[in-house]
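Here is the structure we will look at, set down as structure tokens.
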Amino acid sequence: RIARVHARQIFDSRGRPTVEVDVLTGDGVLGRAAVPSGASTGSSEAWEMRDGTGEYAGLGVRTAVGHVNGEIARAVTGHDVREQAALDKLLIDLDGTEHLARLGANAILGVSLAACRAAADSLRTPLYRWVAELAGTAPGLPMPMVNILSGGLHAGRGMDVQDFLAVPASAASLDEAIEMAIRVRSAAADALAARGLPTLLADEGGLSPGLETGRVALELMVEAIERAGLTPGRDVVVAIDVAAHSLWDAAEGRYHLAREGRYADRAEMIEMIAGWTEDFPVASVEDALDEEDWQGWTLLTERLGDRINLIGDDLFTTDRRRLEQGVRLGAANGVLVKVNQNGTLSGTLDVIAAARAAGYVPVVSARSGETEDSFISDLAAGTGAGQIKIGSVRTSDRMAKYNQLVRIAEDPALGFAGMTGYPRLAAGL
Ligand code: PGA
Ligand code: ZN
């Protein structure tokens, strides 16, 4: 049972304040969790509470921390940490608003995740096994999609598209997948250096070369894969996160491809992306269109959805109702899963279950602002989600998650997902 809850303000990988929560149980177990934070956020995400004034240009989280140490601590003390669903419901009811805006989703998520860790530890169960039990799923090791080239809001808009990622398709194990990703990341840096281009780090540890078009970036991805001694389309396939919501110009009613110096409407965006999938080994595209363009998403899915993964991030914001709307409309065929978009662990597990039931692939994902907390690795493994998106294979906020996967992989009972998260690929590429 929860004996004490204590939150503090710590700092994320961008040097911004974030919430960390300690949950202490009566039998002396400490569960600790830190909350991540996005930059290219969807409008329907659970509410991240910032102080708005004062230190850190108003980005402080002292108010949210105060809510944990006051109202939330009083409400959850004495609660059984093993009753995760009941605890999360209590937190949601206590907040009382749709997007957890009263107490702050960052306050609530911190408590939810810390309680889960405390429960696992008090049961002497590895976290991923406890998550599997809560979710009623078979655990397994996910295939990573690894950030290689970054643009958009993660790299000063140096490229229009936010992420170009490598998926080590032919890897037979998690270890091999990480090894291949590290080779591609290094080869990409060499390829850029050979062209006299910058190899600056972006927010998720990827490279920020500031390339002008998606095509040039994809050519560079292919070159990097080949330089790494691997075959594009066979050993490594490419995933893209367009993050189109951050390109959307509401006044124009079109997408602003600033680096290309042009605007594109919905049809032109779909054409551009279809063209990429014809000429390059692209297996997955996330947020190809704006978060409110449901009709466009349906058209896109009719066009490409039987060949590649079309992942909704800002579109679904890890929200069960938005996902259900997408399923009804035939929008996308996969969902990005971010714990802080949802606000509780139980709500997040719910979204993964709903995705599975609808035949949508889940991709457990980090945020661009991260901490050393590696909860998502246990979440992905515990739910057997099949895919994880952590960022690049650089910087300790990202490596903490890969390293946790390496530890989890020591369990001989766990299989590696391989490309099972890409069920449509056999027909494509
Ligand atoms: P964010 O980026 O954390 O800045 O939202 C990650 C993503 O768009 O997938
Ligand atoms: Zn995204």
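FYI, side chains are in, hydrogens and waters are out, and symmetry mates aren't considered; it's all heavy atoms of this structure. Every number for a ligand or one of its atoms is a count from 1 in the order of the listing.
With no hydrogens or angles considered, no side-chain donor-acceptor pair links Thr317 and Asp314 at under 3.5 Å. At a cut-off of 3.5 Å, with distance as the only test, no side-chain donor of Asp12 or Thr371 sits close to an acceptor on the other residue. For the residue pair Gln84 and Ser112, a side-chain donor N or O sits within less than 3.5 Å of a side-chain acceptor on the partner. Between the side chains of Asp287 and Gln162, not a single donor N or O lies within less than 3.5 Å of an accepting N or O. Looking at Asp235 and Ser170, their side chains do bring a donor and an acceptor atom within 3.5 Å of each other. Residues Arg185 and Ser392 bring a donor and an acceptor atom of their side chains to less than 3.5 Å of each other. In this model, no donor atom of one side chain and acceptor atom of the other lie less than 3.5 Å apart for Thr298 and Arg328. There is no side-chain donor-acceptor pair under 3.5 Å between Tyr128 and Gln404. For the residue pair Ser377/Arg407, the side-chain donor-acceptor check at 3.5 Å is not satisfied.
In the vicinity of Asp241, heavy-atom distances shorter than 4.0 Å reach the ligand 1 atoms 7 (C), 8 (O), 9 (O). In summary, the atoms of ligand 1 found under 4.0 Å from a heavy atom of Leu336, numbered by their order in the structure, are 9 (O). Heavy-atom contacts of Asp313 reach the following atoms of ligand 1: 7 (C), 8 (O), 9 (O) (cutoff under 4.0 Å). Using a 4.0 Å cut-off to heavy atoms of Arg367, the atoms of ligand 1 that qualify are 1 (P), 3 (O), 5 (O). Of all atoms in ligand 1, listed by their number and element, those nearer than 4.0 Å to a heavy atom of Lys389 are 7 (C), 9 (O).
Inclusion of Ala366 in the set of residues having an N or O under 3.5 Å from an N or O of ligand 1 is not warranted. Where the criterion is an N or O separation shorter than 3.5 Å, residue side chain and backbone included, Glu286 meets it with respect to ligand 1. Every N/O-N/O distance between Arg14 and ligand 1 stays at or above 3.5 Å. Residue-to-ligand polar distances keep Thr41 apart from ligand 1: every N/O pair is separated by 3.5 Å or more.
The neighbour count for Trp130 CH2, taken as heavy atoms of other residues, nucleotides or ligands under 6.0 Å away, is above 12.
Atom 8 (O) of ligand 1 has as its closest protein heavy atom Gln162 NE2, 2.9 Å. The single protein non-hydrogen atom nearest to atom 7 (C) of ligand 1 is Lys338 NZ, 3.1 Å, given as residue, atom name and distance. Distance from atom 3 (O) of ligand 1 to its nearest protein heavy atom, with residue and atom name: Ser368 N, 2.7 Å.
Using the six-membered ring where Trp is involved, Tyr263 and His256 have ring planes that are parallel, under 30° apart on the 30 and 60° scheme.
By the 4.0 Å heavy-atom criterion, Ser40 is counted among the residues contacting ligand 1.
Protein N, O or S atom count below 2.8 Å of the Zn ion (ligand 2): the structure gives 3.
Between the side chain of Tyr360 and the main chain of Ala332, a donor-acceptor pair closer than 3.5 Å is present.
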